[in-house]
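What follows is one structure encoded as C-alpha cells, with my remarks underneath.
Numbers here simply count residues along the sequence, with the first being 1.
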Amino acid sequence: GGIAAWGYTCYGDDSAGYVEAVVLRDSVFEGCAAGTSGGAVYLASGDSLSLSSNVSGVSFVKCRSGEGGGGGIAVSGSGITIDVSGSGFEECVTSGGGGGLSAAGEVQIMVAGSRFIANQALGSGGGGLLARDGAKLSLSNTSCRNNSAPAGGGGALLWTRTSEPASADGESLWSLCADGVDAVGSGGNASSEAGTARNRSDQGKNAAAYGPCLASGYAQLELLGMPAASSPAYPGLALSLDIRKLDWYGQVIASDSSSAVSLAAVAVNYSLGGGHSGLSAILAGTTTATLLRGSATLPVQVRPLYTSITLDPPATVALAPASLRALGSDYTNSEGTMSSAPHAVPMAQGIRVCPQGYVLSTSSASESGIVLGGGVLAVVGSCARCGSGTYSVNPLSGYPRSPPACLNCPAGGVCRGASNVTFELGRWEVAASSQGGTGPVAGMFVLLACPAGYRLVNTVAGGFSHDQQRCVACGSNEYVIDSTLGNMSCQVCPVGAVCQGGLMLGGRVAGSVWAPNLSLGVVVLLSCPPGYEATGSLASSSATSIAAAASQDCSTCPAAYFCQGYLSSRNACPSGTYSPPLSNSSSACRPAVFVRVIFFLPLSKGDLTDAVLANVTAAVGAASGLGTSKVVIESVSSARRTTSKSGSRATARVRRLLKGRAEAAESSSRLQLKLAADDVGQASVVRDRLTNVAVSQALEKVDLPPASQVSASVLDDGSAAGSAKDGQAGIIGGAVCAAVVVLALSAAGAVHVRNRRLARASRRL
C-alpha cells in the first residue's frame with residue numbers, strides 16, 4: 001500500500017540492480033491499504049537474496065491489508081533482516097494475521113521501543129504482531145495495548161511453527177502487555193521497566209479467542225478426566241474423557257473447530273509367555289471426534305484383558321495396566337499430527353471390579369481380534385448391568401463353576417434389576433463364600449429361615465436350588481416342625497393334635513405329650529394322660545411312615561375298659577363288670593347286669609360313619625333311660641334287605657341320607673348294642689323300654705331312619721362273659737369298635753313272638 005520491495009528491481013529490470021536495503025525514518029503511513037499483504041510496507045525476498053530494512057521513528061496509522069496479513073508491515077521469504085525502533089502501529093487492520101506487523105519464513109525481526117495500539121487481526125491471530133514459519137522475533141521495551149484477534153490467538157502476539165520470540169532486554173515476554181510501558185513512536189524513544197503480565201487480569205486490555213496477551217500455535221494435546229486411583233474406572237462402562245488442544249502456554253486453542261482427535265490404547269510390555277508387547281485393553285464407545293473451540297469430549301469404554309479371575313478369594317488379575325493416549329490431525333497447521341503423553345487408566349479390581357448390581361461379563365481375547373504372544377490366554381472383561389428379574393451383589397458370582405452372570409430372582413423375591421431385591425417373607429443373607437457340590441455360591445441370596453408355619457423351599461431333587469427358594473404357607477390342617485430346614489414338608493395334622501396357621505399348637509387332650517422328630521419331619525405322640533389310649537403313635541411301634549403320623553391320637557378310653565395312660569394299651573374290665581368312658585384304673589370296673597339290643601337300619605354299613613354311630617348310641621341311650629355312657633356298640637354288619645319307597649317323613653329322610661338312590665335301602669345294617677344296668681330290676685325296665693317304637697322315635701330325633709326288628713334281652717353272667725372273651729366291646733359316645741364278630745345265633749321262643757309283634761307295629765308306623 002505504500003512501499004513494496006522484493007529484493008530486486010522494483011520494476012523487474014535486472015539491469016537496474018538489486019534492492020539491498022530499505023530505510024524508513026521519521027515518517028507517517030496513514031490510511032494505506034493493500035489487497036493481500038502489508039498495508040503500508042511489504043518486504044519479500046527469494047532466490048537466496050538478502051534484504052535489510054531499518055524502520056525508525058515511523059508511525060503506521062489505520063493501515064489495512066488482506067488475508068496475506070500485516071496491517072502495517074508484512075515481511076516474508078528468507079534472508080531478510082528488519083529493525084523496527086521507536087515506531088508505532090495504531091488502528092491497523094488485517095484480514096489475516098498480524099494486525100500491526102506480520103513476519104513469516106526465515107527472517108529476523110528486531111522490535112525495540114515501539115508500541116502497538118488498537119490493532120486488529122481478523123484471521124489467524126496476533127492482533128499486534130505475528131511470527132510464523134520459522135521467523136525469529138526479538139522484542140525489547142515494547143508495549144501492546146487494546147489489540148485484538150477475535151478469531152485467533154494472541155491479542156498482542158501470536159507465534160506458530162517457530163520458536164518463542166526472545167526478549168532482548170531481559171524482561172519477560174509477558175512485559176509486552178504490562179502496564180507502565182509507554183514506548184514512543186514517530187521518532188521518539190522511551191523505555192521503562194515492564195513487569196510480568198502473566199497473572200494480570202487486564203492483559204494490557206488485549207483480547208483474543210485464546211491468549212489475550214501471548215499465544216502460540218499447537219504445542220500438545222491434553223487428556224483430562226482420567227480417574228484417580230481412589231475412584232477407578234469400571235471395565236466396559238462409559239468413561240468421559242476430554243481432549244484439549246493446547247498452545248505453548250497451556251492455553252486451549254479455542255479458534256480450532258476443525259481438527260480431528262481420537263483415543264487409542266497404548267501397547268505395553270507384559271512378562272507372561274516369555275515377555276511380549278501388545279494391547280492390554282480394548283476401547284469401545286466414541287473414540288473419535290472433531291474439536292469444537294479446541295476441545296472434545298469422548299465417552300469411551302475401557303475393557304481390560306484378564307489372565308485370572310477367582311471368586312474365593314475375589315480377585316481379578318489384569319494382563320498389564322491399561323494405558324491410553326490422545327492423537328489428532330491439526331487441520332489448522334497443514335494437517336500436522338498431534339498427540340498426548342500416555343496415561344495409565346486406574347481400573348477397579350477384585351470384588352469391586354464392577355458397581356453393585358453389575359457382573360463382570362467376559363469373552364475370549366481372540367474373539368475380539370487380539371492375539372497374544374507366548375500362548376498367553378486372556379479374557380476381555382466388561383461390566384454388565386443386571387436387568388429386571390435378575391440381580392447381582394457380587395460382580396464375580398459364578399466362578400469357578402461358570403463365568404460371572406446375573407442371577408435369576410429367587411421365587412420368593414422381587415428383583416427390579418441391578419441389586420434391587422426385596423423379599424416379602426423369610427430371613428435372607430448373601431453367601432459370603434461358596435459351598436462345595438451344588439451348594440450356594442458366594443454372592444447368592446440364601447433363604448435361611450421362614451416365618452413359623454411356613455415351609456422353607458430351597459431344594460430340587462435333593463440338591464440346592466437357588467431359583468426355587470421361597471416360603472410356602474402350610475394348609476389350615478397342616479403343620480411344619482422347623483421353618484429353617486429345607487427338608488421339612490408341611491404335614492397333615494394328627495387326629496389328636498390341634499393345628500392352626502401351619503403350627504402344631506398342642507394335643508387335643510390336655511396332658512398329652514408330643515415331640516418333633518427331625519429325621520421324619522413329623523411330631524410324635526409320646527404320652528397320653530390316664531383315661532386315654534394312645535392310638536397310632538409312632539413312638540410305640542416300628543412304623544416310620546410319614547402318612548401314619550396323621551392317625552396319632554389320644555382316644556377316649558371306651559366303656560368297659562380302663563386306660564392307664566402313657567403309651568399302654570387299654571385293659572378290659574373283668575367279666576360281669578362295667579366301667580364308664582375315661583376310666584383309668586381297674587377300680588372303675590363295677591358289677592353290672594347287661595341288656596343286649598339288636599335292630600336293623602335301612603343304611604349300608606358304609607353309611608354308618610363315626611358320627612352316625614355316635615347318634616345311634618345317643619338315641620339308644622335316650623330310649624333306654626340309661627344315657628349314652630351306659631351304651632356299647634358291640635357289632636355292625638351288613639344285612640341285605642329291600643324296602644319299597646314311601647312318601648312317609650321317615651322314608652324321605654332315608655332317601656335324603658342315601659342321596660336319592662332308586663331303592664331307599666337295598667342294603668341294610670344289623671346293629672348289636674349292649675347296655676349296662678345297675679341290677680336285674682333296672683335291666684328288666686331297660687329291656688321293656690327298648691321297643692321298636694321307642695327306638696325309632698329316638699332315632700328320628702337325631703335325623704336317622706326308623707329301626708326295624710328291634711329285640712332286647714337281659715344277659716346272664718355267662719353271656720356277658722362270653723361276649724367279653726370274644727372281644728366284642730364297643731364304643732361309647734360315638735367311638736366305633738375296631739373289629740367285631742357278628743353273632744349268628746337267632747332268637748327263639750318268646751323273643752321270636754316279640755319280634756313278630758314289633759315288626760307288625762313297625763309296619764303300622
query = For the atom pair CG (Leu158) and SG (Cys213), what is the distance rounded to the nearest 0.5 Å?
reply = 12.0 Å
query = Does the Asn147 side chain pair with the main chain of Asn119, one donor and one acceptor, at a distance under 3.5 Å?
reply = yes
Candidate pair His466 and Leu407, rule side chain to side chain contact (heavy atoms under 4.5 Å, CB included), full reasoning = CA-CA 9 Å; His466 166 270; Leu407 298 169; 4.0 Å; yes
ask   = Quick one: do the Arg303 and Gln301 side chains pair a donor with an acceptor below 3.5 Å?
value = no
task = Working to the nearest 0.5 Å, report the span between SG of Cys144 and CG of Leu129.
result = 5.5 Å
ask   = Do Ser483 and Leu456 have side-chain heavy atoms sitting under 4.5 Å apart?
value = no
task = Locate the shortest heavy-atom distance separating Tyr391 from Gly443; write the atom from each residue and the value.
result = CE1-O, 4.1 Å
query = Do Gln468 side-chain atoms and Ser465 backbone N/O form a donor-acceptor pair below 3.5 Å?
reply = no
request  = Please round to the nearest 0.5 Å and tell me the distance separating atom CG of Leu214 and atom OG of Ser175.
outcome  = 9.0 Å
Intermediate values then yes/no, side chain to side chain contact (heavy atoms under 4.5 Å, CB included), Leu139 and Ser167 = CA-CA 5 Å; Leu139 299 165; Ser167 177; 5.8 Å; no
ask   = Is any side-chain N of the basic residue among Asp256 and Arg293 closer than 4.0 Å to the acidic one's carboxylate O?
value = no
task = Using modelled atom types only, decide if a donor and an acceptor are shared between the side chain of Ser172 and the backbone of Trp174 within a distance under 3.5 Å.
result = yes
ask   = Between Cys415 and Cys386, does the SG-SG distance stay under 2.5 Å?
value = no
inquiry  = Quick check against the 3.5 Å criterion: does Tyr358 have a side-chain atom that pairs as donor or acceptor with the backbone of Leu237?
reply    = no
remark   = OG1 of Thr162 to CZ of Arg132, rounded to nearest 0.5 Å, is 11.0 Å
Glu222 and Leu224, any side-chain heavy atoms less than 4.5 Å apart = yes
Donor on one side chain, acceptor on other, Thr332 and Lys245, under 3.5 Å = yes
note = In short, Ala149 meets Gly125 closest at the heavy-atom pair CB-CA, 3.7 Å
Minimum heavy-atom distance between Cys474 and Gly502, given as atom pair plus value = CB-CA, 3.7 Å
inquiry  = Taking the side chain as everything from C-beta on, heavy atoms only, tell me whether Leu396 gets closer than 4.5 Å to Ile309.
reply    = yes
Contact check, side chains of Cys450 and Leu425, non-hydrogen atoms, under 4.5 Å = no
task = Could you walk me through whether Tyr331 and Ser258 pass the side chain to side chain contact (heavy atoms under 4.5 Å, CB included) test, one step at a time?
result = CA-CA 6 Å; Tyr331 294 154; Ser258 61; 4.0 Å; yes
request  = Kindly state whether the ring of Trp428 and the ring of Phe423 have centres lying under 6.0 angstrom apart.
outcome  = yes
request  = Check for a donor-acceptor pair, side chain of Thr287 on one end and backbone N or O of Leu263 on the other, with a separation under 3.5 Å.
outcome  = no
query = When rounded to the nearest 0.5 angstrom, what distance separates CZ in Phe445 from SG in Cys409?
reply = 9.5 Å
request  = Report yes if some heavy atom in the side chain of Met226 is under 4.5 Å from a heavy atom in the side chain of Leu324; otherwise report no.
outcome  = yes
inquiry  = Using only atom types and a distance under 3.5 Å, with no angle test, would you say the side chain of Tyr479 pairs donor to acceptor with the backbone of Val523?
reply    = yes
task = Could you tell me whether the side chain of Val300 reaches within less than 4.5 Å of the side chain of Thr286, counting heavy atoms only?
result = no
Any Ser257 side-chain heavy atom under 4.5 Å of Thr290 side chain = no
ask   = Could you give the distance from CG (Asn146) to CD (Gln120), rounded to the nearest 0.5 Å?
value = 11.5 Å
request  = Output yes when a side-chain donor or acceptor of Asp247 lies under 3.5 Å from a complementary backbone atom of Gln251, and no otherwise.
outcome  = yes
ask   = Any donor and acceptor pair, going by atom type alone, linking the side chain of Ser262 with main-chain N or O of Thr288 inside 3.5 Å?
value = no
ask   = Is there a donor-acceptor contact under 3.5 Å from the side chain of Tyr210 to the main chain of Ser216?
value = yes
query = What heavy-atom pair brings Met338 and Ala260 nearest, and what distance separates the two atoms?
reply = CE-O, 4.2 Å
message = side chain to side chain contact (heavy atoms under 4.5 Å, CB included), that's the test. Do Leu173 and Glu164 meet it? Break it down for me.
response = CA-CA 9 Å; Leu173 197 60; Glu164 183 184 26; 3.8 Å; yes
inquiry  = Is the shortest side-chain heavy-atom distance between Thr36 and Glu67 below 4.5 Å?
reply    = no
key: Other residues, nucleotides, ligands: >12 heavy atoms within 6.0 Å of Tyr306 OH   = yes
task = Say whether Asn408 and Thr390, considering side chains only, have a donor N or O and an acceptor N or O under 3.5 Å apart.
result = no
key: Minimum heavy-atom distance Gly211-Ala208, with the two atoms named   = O-CB, 3.7 Å
note = Closest heavy-atom pair, Ala442 versus Ala432, reported as atoms and distance to 0.1 Å, is CB-O, 3.8 Å
query = Cut-off 3.5 Å, side chains only: do Gln349 and Thr316 have a donor facing an acceptor?
reply = yes
